[in-house]
Amino acid sequence: FGYDRCFKIEYPENCKDANDILVQHGEMFLLRLIENAIEFPIEGILSMNDLYQEIYNFYYNGYPAGVKVGISGFDDLVQFMPGQFTTVTGIPGSGKSEFVDYVVTETARNHAWSWAVCSFENQPSSLHATKLMEKVSKKSFAKRANQYDQMSTTEFEKSIEFVNNYFYFININKVDVTLQGILDKAKELVLRKGIKGLLIDPWNYIEHKSAPGQTETQYISECLTKIKAFALTHGIHIILIAHPTKMAKTGDKYEIPTLYNISGSAHFFNKTDNGITVYRNYDTGIVDVHVQKVRYSWLGKVGLASFRYDIETRQYSLVTTF
């Protein structure tokens, strides 16, 4: 008949049917049970009774807290919360992957977040590990003109141990690199290693398989919904790096892209929880980090943090925030 037409009755102890109720408790008792029969809940619908405890907690204890990554200036603009995902874009060579490496190592350092890393551009993974080690030690991995810019052997060993403790690299040559395949591997790491984050870099390199007749916009919408659901279900934060379309130039400089410029669909802006653009000015050496979207106001705000990037040590230092 369907749950919308059905009700349930809680039988008294030692009563297996209506006849037992009649014999043991009488006709009026049975009639009252029927009159007070309970509706089955409608699947997928929440009432205030279902939501009350969470709302009570919000009122008395505040909204769910995010974590400040631990980067001066950037922390003033956005906090990361499990169950969300962040989209990062920027023109080629802007350093978006480099800055995200900075973000994930600081969440590991300051909050013990461990990460699954699926990076198509930073290959092989051993080279990517050295870049993470630079963020950990705050020194260059390779030799530089100034010998003190390179990590010492002690810093080398400590940074290797740190990356080993907090990072798991998905071998793109051995696993299914469709979105579902990447999420399946991340699920294993959630269950076995308790990871708190997943980095996918970049979106454009994933092996995409849209259904027959499905438009690119529909496919991207479906994928981003899947990413959001995965983050919520498993309580992790997902960072997705995506390239923009070819940007126009003003003089010899590219315009600053927004999430609406990401190739494929405006859904990259609409569905993400946080949206960030990394833009590097090669004339000044300044890297501007534009936070263009923060879904919840208590977790941040739209704004700009500017950093100086030291090409010798590959480190960022705050210049200013707006």
Side-chain angles (χ1 to χ4, degrees), residues 57-58 61-88 96-119 122 125 128-139 155 158-170 183 185-201 227-228 230-241 272-276 278 289 291 293-301 303 305 307 314-318 321:
N57 288 336
F58 292 161
N61 302 315
Y63 287 122
V67 299
K68 292 187 176 182
V69 170
I71 299 174
S72 180
F74 185 72
D75 287 345
D76 297 331
L77 301 177
V78 64
Q79 298 178 38
F80 285 178
M81 189 168 75
Q84 292 192 329
F85 84 96
T86 296
T87 302
V88 179
K96 50 188 178 295
S97 296
E98 189 81 24
F99 188 78
V100 168
D101 282 348
Y102 185 25
V103 168
V104 296
T105 52
E106 289 304 302
T107 61
R109 189 198 313 274
N110 296 309
H111 305 288
W113 278 23
S114 53
W115 288 81
V117 177
C118 182
S119 178
N122 281 307
S125 295
H128 192 189
T130 66
K131 294 173 73 175
L132 295 171
M133 290 167 64
E134 290 179 328
K135 297 297 178 286
V136 174
S137 66
K138 301 189 181 300
K139 296 283 189 69
E155 291 166 334
K158 286 183 177 180
S159 59
I160 279 184
E161 182 181 5
F162 184 94
V163 173
N164 180 59
N165 288 337
Y166 292 109
F167 292 92
Y168 303 92
F169 301 90
I170 294 175
L183 294 180
K185 196 55 60 176
K187 181 178 179 181
E188 290 183 46
L189 289 167
V190 169
L191 297 175
R192 293 193 182 190
K193 301 297 184 179
I195 63 167
K196 293 295 184 182
L198 167 63
L199 167 59
I200 302 174
D201 178 18
I227 289 172
K228 175 65 176 179
F230 187 91
L232 276 170
T233 300
H234 298 287
I236 68 170
H237 194 97
I238 298 177
I239 297 179
L240 177 66
I241 298 178
T272 194
D273 293 299
N274 307 305
I276 297 170
V278 178
V289 178
V291 176
K293 179 182 179 182
V294 179
R295 185 174 299 280
Y296 298 120
S297 60
W298 69 89
L299 294 176
K301 61 184 179 181
F307 298 87
R314 303 165 74 90
Q315 303 302 310
Y316 293 90
S317 56
L318 179 68
T321 57

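- Under the 30°/60° scheme for interplanar angles, the aromatic rings of Trp298 and Tyr63 are found to lie parallel.
- With a 4.5 Å cut-off on side-chain heavy atoms, Phe80 and Ile239 count as touching.
- For the pair Pro64 and Phe58, the tightest heavy-atom approach, listed with the atom from each and the gap, is CD-CE2, 3.6 Å.
- In this structure, Phe74 has its ring center no closer than 6.0 Å to that of Phe307.
- Taking CD of Glu134 as the reference point, atom CZ of Arg314 lies at 4.5 Å (rounded to 0.5 Å).
- The CG atom of Leu77 sits 6.5 Å away from atom NZ of Lys301, with the distance rounded to the nearest 0.5 Å.
- Judged as a side chain to side chain donor-acceptor pair (under 3.5 Å), the pairs with a partner in residues 102-111 (not counting sequence neighbours) are, in order, Glu106-Arg109, Glu106-Asn110, Thr107-Trp115.
- Counting only distance, with no hydrogens or angles, the side chain of Asn164 and the backbone of Ile160 share no donor-acceptor pair below 3.5 Å.
- Donor-acceptor pairing under 3.5 Å is lacking for the side chains of Lys293 and Asn274.
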Is there a salt bridge (charged side-chain N to carboxylate O under 4.0 Å, His left out) between Lys185 and Glu188 once you walk through the steps?
CA-CA 5 Å; Lys185 196 55 60 176; Glu188 290 183 46; 3.2 Å; yes
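- Looking at Asp273, its side chain never comes within 3.5 Å of a backbone N or O of Thr86 through a donor-acceptor pair.
- Within a 6.0 Å radius of NZ in Lys139, other residues, nucleotides and ligands contribute more than 12 heavy atoms.
- Side-chain contact between Ser72 and Leu318 is present, with heavy atoms from C-beta onward closer than 4.5 Å.
- More than 12 non-hydrogen atoms from other residues, nucleotides or ligands lie less than 6.0 angstrom from NZ of Lys131.
- Side chain of His237 to backbone of Phe85: no donor-acceptor contact under 3.5 angstrom is found.
- Few gaps surround NZ on Lys228; more than 12 heavy atoms of other groups in view lie less than 6.0 Å from it.
- By the 4.5 Å heavy-atom criterion applied to side chains, Leu240 and Asp201 are not counted as neighbours.
- For the pair Glu98 and Lys135, the salt-bridge criterion is met [side-chain N within less than 4.0 Å of a carboxylate O].
- A side-chain donor-acceptor contact under 3.5 Å links Thr272 to the backbone of Thr87.
- Without hydrogens or angle criteria, Ser119 side chain to Asn122 main chain gives a donor-acceptor distance under 3.5 Å.
- Using cut-offs of 30° and 60° on the angle between ring planes, the pair Phe169 and His128 is perpendicular.
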